[in-house]
Amino acid sequence: MSSNTVRTRFAPSPTGFMHVGNLRTALYAYLIAKSQGGKFILRIEDTDRNRYVEGAVDVIYRTLATAGLLHDEGPDVGGEYGPYVQSERKNMYRPYAEQLVESGAAYYCFCDKTEHDSNGEDVSENPDQECCCRNLDPAIAKARVAAGEPFAIRQKINKEGISTYSDAVFGEITIENKVLDDQILLKRDGMPTYNFANVIDDHTMNITHVVRGSEYLPSTPKYNLLYAAFGWQPPEYVHLPMIMGRNEDGTIAKLSKRHGSVSFESLAAEGYLPAAIVNYIALLGWSPKNDREIFSFEELVSMFKISGLNKSAAVFDYDKLKWMNSEYIKAMAPAEFAKCSKEFAKIAGTNVETYWDMLAGLLQPRTEILSEIPGKIAFLLEQPEYDTSLFNNKKSKCNPEIALTILQELLPMYEALENWTPESITELVTGYAQTKEMKLGLPMWALRIAVSGCAVTPGGPGEIMTVLGKPEAIKRINQALKMLA
RNA sequence: GUCCCUAUCGUCUAGAGGCCUAGGACACCGGGUUUUCAUCCCGGCAACCAGGGUUCGAAUCCCUGUGGGGAUGCCA
């Protein structure tokens, strides 16, 4: 393997669901690697045992696979840098941490854990105070460890001077070392913290570009100090702008569950197409620098450039996602749409199923998300209650009185109609309109209301009456007549 | 509190000193086509946070202020 191959990793913790923000991080990490012929690695960050959720890793695999982000290395596919699950690497971290203790870049800490309230707020009295163990005699500390006293290992940060590093999207970041805290490297339970495990794993896995959210911008100098203490070359940092959600009161905050469906799977369950979700989030914080918005996955790979990454946070806009989803739906092959929409329609075993191909053709241009479909076709399965005021229509000049007359005249004609197809049903009403010298829209409106009870329907009377079948259609016209009389 | 980041239409964004009376898209509002709705066309509304500099010239560079977000966990 050539030494300059780009290697990025996606390092989620198995929490049970994949936030679209995480998915976008994965997407960009994937694109950065693949647009440069590199490798994309999946690593599971499960160092917090309390957070472990059964089946959560499968959600990650499933989401990445569905989204098309196939990893070259990972727990399930293997690779030469394994294991790819941090809990399985547990024994690797302590020697590294102890190496830092030896060199003076870290120290043993015997303090109790800092207390935090339910909001994660530090409720200890002097949160910013330096730990008392920082200046313990190393020999004494070592003896206490040897005696079996529980300990953690903290990073010993030299508070003098400033740290500057360069981020691929945010540019130069400068932070005074005195604001950096002596973060925990190795927890009491022997597990590394996320921050420490990342440095060790990213280095030992040869990761060249660390792609993560911008919330890590201020803590990155601590990582660099660690790299320096080991004598390692820090990776290229690519910090990503955050994704925000709008609260009910109009303020914005980091996108979370309270803003609606924010996991890939829940979005998919609502009827958003995976490709549309991926396309949409690709544009949330990245621009191809032209006016195009719809990209195939392959196009994304070939057009992606780090320089197109934006610095400011972006608000997740469900309206735009919906629009993009509708574009993807319209672009689907009709047969494909008929197939995938059918599962959402919930029509198994009904008369509607028989005519699904025809209905799907009607639905395809007017569906934004698949979950809207049951509502759009409910009137076909069961006649809805409606008010005769629905017969009023300004454009076609229809009203309940005129509708009564029209339906009275049309009813026997339909009863006599043998060939019951969309074409013949429409032909009949067309001929009727011509004979009566009325605009076609008028009897069409009256008929539509009578057989559907809805002002808006996919398709017109021809299709609707076909799906309903002759007996049901006649029945509904008779009912309308009764209401109008 | 301290630190970091950020700032163009309501939203996503283009814009890297003159091409900008600021472009595209979503949403919204009109109009046309259509048996309804939708699709599809066509049009409209709508933004450079404020104040100082630098410059012949600033949305673009610098400073300050303000707004917004984030970090400050033995969470990730």
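Protein chains get the first letters and strands the later ones, always in sequence-line order, with residue 1 at the start of each. Remember, predicted model here, so these are calculated numbers, not experimental data.
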Go through the structure and list residues passing salt bridge (Lys or Arg N to Asp or Glu O under 4.0 Å) with [X], not counting sequence neighbours.
{"X": "A:K222", "result": "A:D181"}
{"X": "A:K257", "result": "none"}
{"X": "A:K397", "result": "none"}
{"X": "A:E45", "result": "A:R43"}

Report task. Test for a donor-acceptor pair under 3.5 Å between the base of B:A25 and the side chain of A:K320, counting only N and O atoms. Result ->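 Yes, the side chain and the base share a sub-3.5 Å donor-acceptor pair.
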Query raised in the report: Within the modelled atom types, does a donor on one side and an acceptor on the other bring the side chain of A:Y216 and the base of B:A76 under 3.5 Å apart?
Result: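 Result: at least one qualifying N/O pair found.
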Which residue pairs pass the side-chain hydrogen bond (donor to acceptor under 3.5 Å, both in side chains) test with at least one member in [range], sequence neighbours excluded?
{"range": "residues 165-174 of chain A", "answer": "A:T164-A:T174, A:D167-A:H239"}
{"range": "residues 372-381 of chain A", "answer": "none"}
{"range": "residues 8-24 of chain A", "answer": "A:R9-A:N198, A:R9-A:D202"}

Query raised in the report: Which residues, if any, of residues 169-178 of chain A bring a heavy atom under 4.0 Å of RNA chain B?
Result: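 Hits under 4.0 Å, by residue number: A:F170, A:I173, A:T174, A:I175.
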**Report entry** Contact list for RNA chain B against residues 446-465 of chain A - heavy-atom distance below 4.0 Å
**Finding:**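 Nucleic-acid contacts, sorted: A:R448, A:A455, A:V456, A:T457, A:G459, A:G460, A:P461.
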Report task. Applying side-chain contact (heavy atoms from CB on, under 4.5 Å), name anything that partners A:N279, two or more places apart in sequence or on another chain. Result ->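 In terms of side-chain contact (heavy atoms from CB on, under 4.5 Å), with neighbours along the sequence ignored, A:N279 is linked to A:L283, A:I294, A:F295, A:M324, A:Y328.
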Requested in this report: Grab the CD1-P distance between A:I252 and B:G67 for me, whole Å please.
Outcome: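 Atom CD1 in A:I252 sits about 15 Å away from atom P in B:G67.
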Query raised in the report: Which is true for A:M244 with a 4.0 Å heavy-atom rule: it touches a base, it touches only sugar-phosphate, or it touches nothing?
Result: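 Answer is sugar-phosphate: A:M244 comes under 4.0 Å of backbone atoms only.
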Protein N or O to nucleotides 39-46 of chain B N or O, pairs below 3.5 Å:
{"residue": "B:U39", "atom": "O3'", "partner": "A:K330", "partner atom": "NZ", "Å": "3.4"}

Short heteroatom pairs, N/O only, protein and nucleotides 29-34 of chain B, under 3.5 Å:
{"residue": "B:U34", "atom": "O4", "partner": "A:K395", "partner atom": "NZ", "Å": "2.7"}

